[in-house]
Each structure stands twice: as C-alpha cells, then as structure tokens.
Visitor: 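Before we start, here is the structure in question, set down as structure tokens.
So that the names make sense, note that chain A is the first sequence line, chain B the second, and so on, each numbered from 1. Because the structure is a prediction, the values reported are computed rather than measured.
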There are 2 protein chains.
Amino acid sequence: MPKYVNIYHELAQRIQEGTLPAETKLPSETELMHEFEASRGTVRKAIDALQEKGFVRKHQGKGVFVLSQEAIEFQFNGIVSFSEAHRRMGRHTVETDVLSCEVLSASAELASLLHVAQGTDVTRIERIRQIDGERVIRDINHFVTALVPGLTTDIAQGSIYQYIEETLGRQISYAKRKIEARPATMEDQERLDLHDMTHVIVVTNDTYFYEGQHFERTESRHRLDKFQFTDIARR
Amino acid sequence: MPKYVNIYHELAQRIQEGTLPAETKLPSETELMHEFEASRGTVRKAIDALQEKGFVRKHQGKGVFVLSQEAIEFQFNGIVSFSEAHRRMGRHTVETDVLSCEVLSASAELASLLHVAQGTDVTRIERIRQIDGERVIRDINHFVTALVPGLTTDIAQGSIYQYIEETLGRQISYAKRKIEARPATMEDQERLDLHDMTHVIVVTNDTYFYEGQHFERTESRHRLDKFQFTDIARR
DNA sequence: AAAGATTTGTCCGTATGTATA
DNA sequence: CTATACATACGGACAAATCTT
C-alpha cells in the first residue's frame, strides 16, 4: 500500500477515535513529516485525501482543522443499491422476488437510451421488493448483455452490483439519477400494494463503467410513503 | 492564477471544442511538460483536476482518455437553487411570491435541527413559486440570523444564495438533502394549486458553510407532477 | 503599525516502481 | 524483454495567507 494511504488511514482513525477531536488543528505538515518520516509531498497527499473525504478542512496560513463527526458520517452518498440502503435504516424485513430474468432484443427506444444498436441483446430483470411484508418497490433493470453477461435469477435474488464488481471484476464509475413522481400504471397497481395511492415515485438510473461504457438503465418504482432519498452535495 | 489551473483550462477547452475528441488519448505527461514548459507534477495536477471534473480518465500504463461529451455535460450536480434549476429547463414563466420574512426565536425542535441554543434568532422565510401561472412549490427557509444577517423581502425575491456568497462573502461548502413524499397539509392545500393531489414531495435541505457551520434548514414542498430531481453520483 | 515566524500553496527536478503495449 | 506511460516518493525553493511579537 502506498505510504500516503497509510498516513491517511492513521490520521482518519485518530479523528474517528477522538484522539483528534473536531475543531482542533492537525499537526503541521512539518510535524507530520517527522512523525511519519515522509516527505512533505507525501504528507500533503494524505491530507488532501482526508479533505476529499470530508474529515478536515485546510486553510492557507492557519492550518488543517478537523470537521465535526456529523459531517463525516454523511459519506454514504454515491451509488447505493436497494439492499445496501435498507441495511442502514432501522430493522426491517426485506425480501426480493424475481418476477422475470430474460434476454431480449433492444427496441429502437431502449437501444437509444442505452447507446447501443437496435436489436442488441439486453437482459431484462423485473423484481418486487417487499418491506415488512408489503410489496412497495418494483425494479425493472435493463443490462447490455455483452457488458454484463451471465445474469441469472439467482444473482438477481442477491446483489447484482456485487456480481458485477466481484465476479465480473468490473468497476462502476458513476450513475445518473432522475427522481420524479408519475401516475401509477396498471402494472404498478397489480404488482405493488398501493392501497389508494394514485402515484409512484420513479427513480431512473443510468450506470456507467469506469471506462465510460453505459451498461444499465433501471427504473425503480416506489410506493409514495415508502420512499426516501438522502444525499450530500458538495461544491 | 496558478500554472496548473491554466493548463487545466487550456486542456478543458480543447476537449469541449473537439480538438481533443472523446475516446482519444491525451498527449503523455512528458509531451505536455514540453508543450507547457512545466514540471511533471504541475502537469499531473492539471490532469487530476480534469479527471475530478469528469473530462478524462487516467489508466496507468495506457494513458489518459477523453470521456464522452455526455458525461461532461452532467456536471450540474451540487447545490442547485430553484431559479438556477429552472433556467436550465425549457421556457417557463417562473414567479416568486414572498409570503413572509421575519425573525423569530428558535423553538426547542428547530434549535436542535440547526445546532443552536433554544431561543436563538432565526430568520424564517416562506415563498411560493409559480410556474406557468400555477402555484406549485412552497419553500420554507430557516436561517440562523447571526450567520446570515440582513435578509429582507427584496433579497428573498431574488436569489438568497447569491446574497450569501456575493454580498456576505461567505462560501457554501455542502448540503445534506432528503427527498420524500408526504401527505399534503392544510396549508399546502391553501397555498398551492394541488388540484386533487393528496401528496407533496418534500425536499429537506441542510446547508453548511465552508468552516462547517450549519446555517440553514429549508423545506421545499413540491406538487407531485412538477417535481424532478437530477443528479450524478460518482464513486 | 510593522516585522518576523508559522503554515499551507505552488513549482521544479530527480529517482524508482508498476501496469500496459 | 524492452519501451512507454502513469504512480509514488524525495528534496528544495519561493509565494501567499495568517498569526505572533
């Protein structure tokens, strides 16, 4: 592991333990150089990483200050899958039913959305998520089969992202999200326990690999009262 | 301006102009060193910034590759105010009515949310946003008065963030957002044109200064069919 | 108010390691 | 195996912002 990563971990740990409390100043770069027997550039790289992750804030001429723990806890933005998201919340029963998992030929519309040629093989997966016994989320995934081969019902039952990253060894880079409310369709009413709610919240997700290939478009349809999205925006 | 920023701007411009098209490789660090008469570290810092902004992707041993224009256009995440957001969308009439702008004493609940002592002065602003003549958004802001002094109805009519950054000269660092659907309250029904819609989408926003001070909590209540949120998540 | 010390920001040059072609 | 390209690390110099004397 690179030296600056070790320094980063060491400092991050001190901050999380409280050895370096919020509002206090980090040792100066010169002091850290001596403590870790590293060059100034290496120490600076570690501190830059700490700032990137929201642990500290640098001020020219003043020093480096530890930010509040609260700011640090909010690092769980990024791409969050359904199961990841609910593990964080309170105790809930979560169950996934895979309704279908099939390879089909991309229509003109879908091909355009996924940036592939019409007729390209696409794997379509439809899943229902039950929380505490109620069917409240309906996920419809479309994967470019050539980029994400070997999908099965079994995999869809668990975490598809885990399969992509660990089994296929591909790295996910970024996702574009759109969140909006839409009138519930007939299919939504059939497959979800909507009670008398007339709308659903639709989260449209386009996900890209590190190399920039667009490999997925997913529509996630949520019952109004079971939807929540949390996020942190930096600038 | 620092040298690496100049190099960054120059390369970013070439990418946006198409002089460096997507999928192609950037000149190597050695070549850029000669072209810009800069050291390797300086060139690397510029390239790192390009990658941070989503223009390029670095690959050890291979080179630096320009990403698609589409990926680049999606840089407008971050903290987006109402008026900024609608300038981007199509042609719409947007009007803001300031219902109230008053300083009050923080209740126990509000004080806890804003991390201040109970009884601290808080400026409360309530605004209605009309799009194409329909009242569809209701914003309720709470600012810590000591941190954001001098707010008036006139300022609330325009952009409060612009006032904070330009007039007060303070830098906004990050915002925590929560998006969820809630049953419409009586006040929502009075002050918005909800027609028969029973729910609103509530965006709760907590905003922090660069120094880490929590200065604002805002609730933005949207009519279901006029809400849309777009965002890009990197990891 | 001015001078000096401290701390972070930028830039340079060099050397070596690691992944890829 | 060799060459290329990016990654890491070191050391030194000066600039800019801030704090102390």
Visitor: Could you tell me if A:Asn141 and A:Glu216 have a donor-acceptor pair between their side chains, going purely by distance under 3.5 Å?
Guide: yes
Visitor: Are any of the side-chain nitrogens in A:Lys58 or A:Glu52 under 4.0 Å away from the carboxylate oxygens of its partner?
Guide: no
Visitor: Under 3.5 Å, is there a donor-acceptor pair linking the side chains of B:Ser107 and B:Glu109?
Guide: no
Visitor: Of the options D:dC6, C:dG9, D:dA9, whose atoms approach the side-chain atoms of B:Lys58 most closely?
Guide: D:dC6
Visitor: Looking only at side-chain atoms of B:Ser28, point me to the closest of D:dA5, C:dC11, C:dG9.
Guide: D:dA5
Visitor: Write down the distance between OH (A:Tyr8) and P (D:dT8), rounded to a whole number of angstrom.
Guide: 15 Å
Visitor: Would you mind classifying the nucleic acid contact of A:Gly63 as base, sugar-phosphate or nothing, using non-hydrogen atoms under 4.0 angstrom?
Guide: sugar-phosphate
Visitor: Measure up the B:Phe65 and B:His59 rings against each other and bin them: parallel (under 30°), tilted (30 to 60°), perpendicular (over 60°).
Guide: perpendicular
Visitor: Of the options C:dT8, D:dC10, C:dC12, whose atoms approach the side-chain atoms of A:Glu29 most closely?
Guide: C:dT8
Visitor: Side-chain contact test, heavy atoms from C-beta onward, threshold under 4.5 Å: evaluate it for A:Arg170 versus A:Phe215 and give yes or no.
Guide: no
Visitor: State which of C:dT8, D:dT8, C:dT10 makes the closest approach to the side chain of B:Pro2.
Guide: C:dT10
Visitor: Starting at atom CZ of A:Phe36, determine the distance to atom C1' of D:dC10, rounded to an integer number of angstrom.
Guide: 17 Å
Visitor: Distance check: side-chain N/O of B:Lys45 vs OP1/OP2 of C:dC11, anything under 4.0 Å?
Guide: no
Visitor: Nearest of C:dC12, D:dC10, D:dA7 to any side-chain atom of B:Thr42?
Guide: C:dC12
Visitor: Look only at the side chain of B:Glu31 and the backbone of B:Ser28, and say whether a donor-acceptor pair between them is shorter than 3.5 Å.
Guide: yes
Visitor: Could you give the NZ-to-P distance, from A:Lys3 to D:dT8, as a whole number of Å?
Guide: 14 Å
Visitor: Between C1' on D:dA7 and CG on A:Asp48, what's the gap in Å once rounded to a whole number?
Guide: 16 Å
Visitor: Could you run down nucleotides 14-21 of chain C 5' to 3' and tag each one B, S or - for protein heavy-atom contact under 4.0 Å?
Guide: -B-BBBSS
Visitor: What contact category does A:Glu37 fall into here, base, sugar-phosphate, or nothing, at under 4.0 angstrom with non-hydrogen atoms?
Guide: sugar-phosphate
Visitor: Indicate whether OP1 or OP2 belonging to C:dG9 is found under 4.0 Å from a side-chain N or O atom of A:Arg44.
Guide: yes
Visitor: Do the side-chain N and O atoms of B:Thr96 and B:Arg129 include a donor-acceptor pair separated by under 3.5 angstrom?
Guide: yes
Visitor: Respond yes when some side-chain nitrogen or oxygen of B:Tyr4 is under 4.0 Å from OP1 or OP2 of C:dC11, and no when none is.
Guide: no
Visitor: Taking the side chain of A:Ser39 as its heavy atoms from C-beta onward, which of D:dA9, C:dC11, D:dC6 lies nearest to it?
Guide: D:dA9
